[in-house]
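Working notes, structure below.
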2 protein chains.
Amino acid sequence: MDEHCPVARSLACVGDRWSMLILRDVQRGMTRFDQLRANLGVAPNILSGRLASLTAEGLLEKRQYSERPPRQEYVLTEAGRDFIPILTAIAGWGYKHRGEGPISRLVDEATGEAVQPLVIDSANGAPIGTRPLRLVQPD
Amino acid sequence: MDEHCPVARSLACVGDRWSMLILRDVQRGMTRFDQLRANLGVAPNILSGRLASLTAEGLLEKRQYSERPPRQEYVLTEAGRDFIPILTAIAGWGYKHRGEGPISRLVDEATGEAVQPLVIDSANGAPIGTRPLRLVQPD
């Protein structure tokens, strides 16, 4: 049944902590293997595996930024960029439910105000969770 | 550094595929161990571990629904319910980027329209990704 579920399909590509943290870091400009390894403190073989998987799944792509010596970096594709707002929503959950002690914050650059992520149904503007939804299985 | 990151903090509680799929299923009324096991097709020891972890982290709580024989089910706490819109946003990513073939859809019960999840900054209404954000580290 899960083959029809868009949540399960998404999580099959990106459903683990390292993959999501890699997307977060690439978005923040840590595009090279060594930068990611240093920031995440992750074992090199795990990082290699997740980068290969995110690239195969089309969320990242490799780009050569130096010819001599040949050096590559990872950049977000459209699919990868589309996942970033989900990470922002996950940050919002963390502020609310794991917000104790010093914590980093996203602010709107123009206003300086703290970002308050909210998932809405853009068809009607209502926050998700405020109107009854129904799951429709395919025929 | 990641100790200050709300994304990393959240993913430390719920950052794996099974945990997120369990929250999805409990939200859909599959509150008992056997229902979850059957729907997810997950090994019992993995399911037990994830349920224990989600309960310890405060996203689920156990409730006894029968005294004789003693039977327990899992229900979402406030923290668990607050994660559901994130799953809806993840579904939105799946519709867009993994939407080929038969796929289940969430519709608004009242209007019958397909839900179109969008993460906005509720401080100003702008979709996340449309305005520059800045990450502020704690002092």
Side-chain angles (χ1 to χ4, degrees), chain A residues 1 4-11 13 15-17 20-21 24 28 39 79 81-91 93-99 102-111 113-124 127-129 131-138, chain B residues 1 4-11 13 15-17 20-21 24 28 39 79 81-91 93-99 102-111 113-124 127-129 131-138:
Chain A
M1 168 189 160
H4 297 150
C5 173
V7 178
R9 287 187 187 182
S10 300
L11 294 176
C13 316
D16 78 280
R17 186 169 153 251
M20 294 193 196
L21 292 175
R24 175 201 66 176
R28 292 182 187 168
N39 193 60
R81 284 191 300 274
D82 282 347
F83 204 82
I84 300 301
I86 296 169
L87 298 179
T88 311
I90 290 174
W93 189 93
Y95 295 132
K96 180 168 178 189
H97 294 289
R98 293 294 182 278
I103 193 166
S104 58
R105 297 202 165 264
L106 276 174
V107 300
D108 186 283
E109 188 135 41
T111 67
E113 272 193 282
V115 172
Q116 294 170 41
L118 179 69
V119 188
I120 65 165
D121 180 354
S122 66
N124 53 43
I128 298 291
R131 294 171 61 93
L133 305 181
R134 189 160 46 89
L135 185 68
V136 180
Q137 297 291 344
Chain B
M1 170 188 161
H4 297 151
C5 173
V7 178
R9 288 188 188 181
S10 300
L11 294 175
C13 316
D16 78 280
R17 185 169 154 250
M20 294 193 195
L21 293 174
R24 175 201 67 178
R28 292 181 186 169
N39 192 61
R81 285 192 300 276
D82 281 348
F83 204 83
I84 300 302
I86 296 169
L87 297 178
T88 310
I90 289 173
W93 188 92
Y95 295 131
K96 179 167 177 189
H97 295 288
R98 292 295 181 277
I103 192 166
S104 57
R105 295 203 167 263
L106 276 174
V107 300
D108 185 284
E109 189 136 41
T111 67
E113 272 193 280
V115 171
Q116 295 170 41
L118 179 69
V119 188
I120 65 164
D121 180 354
S122 66
N124 53 43
I128 298 291
R131 292 170 62 92
L133 305 182
R134 189 161 46 89
L135 186 68
V136 180
Q137 297 293 343

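Per chain, numbering begins at 1; letters A, B, ... match sequence-line order. FYI, side chains are in, hydrogens and waters are out, and symmetry mates aren't considered; it's all heavy atoms of this structure.
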Legend entry - With sequence neighbours excluded, residues passing side chain to side chain donor-acceptor pair (under 3.5 Å) with A:Arg98: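 Once residues adjacent in sequence are excluded, the partners of A:Arg98 under the side chain to side chain donor-acceptor pair (under 3.5 Å) criterion are B:Glu57.
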Please list every donor-acceptor pair under 3.5 Å in which a side-chain atom of residues 114-121 of chain A meets a protein atom from a residue at least two apart or in another chain.
| from | atom 1 | to | atom 2 | distance (Å) |
| --- | --- | --- | --- | --- |
| A:Asp121 | OD1 | A:Ala123 | N | 2.9 |
| A:Asp121 | OD1 | B:Gln116 | N | 2.9 |
| A:Asp121 | OD2 | A:Asn124 | ND2 | 3.4 |

Legend entry - Winner by heavy-atom pair count (cut-off under 4.5 Å) against chain A, out of B:Gly15, B:Ser122, B:Ala110: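 Ranked by heavy-atom pairs under 4.5 Å with chain A, first place is B:Ser122.
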Residue, of [options], that accumulates the most heavy atom pairs under 4.5 Å with chain B:
options                             : value
A:Ile84, A:Asp16, A:Thr88, A:Leu106 : A:Leu106
A:Arg81, A:Arg134, A:Arg17          : A:Arg134
A:Gly129, A:Gly99, A:Ala89, A:Ala91 : A:Ala91
A:Ile86, A:Leu87, A:Ile103          : A:Ile103
A:Leu11, A:Thr111, A:Leu21          : A:Leu11
A:Ser104, A:Gly94, A:Pro85          : A:Ser104

Legend entry - Minimum heavy-atom distance between B:Trp93 and A:Ala79, given as atom pair plus value: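 Nearest pair, atom of B:Trp93 first, then A:Ala79: NE1-O, 2.8 Å.
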Inset, instruction - Return the minimal non-hydrogen interatomic distance between A:His4 and B:Pro102, and the atom names on each side. - result: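 Of all heavy-atom pairs spanning A:His4 and B:Pro102, the closest is CD2-O, 3.3 Å.
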Legend entry - Test item: B:Arg24 and A:Cys5 side chains (from C-beta on) under 4.5 Å apart, heavy atoms: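 Yes; the side chains approach each other to less than 4.5 Å.
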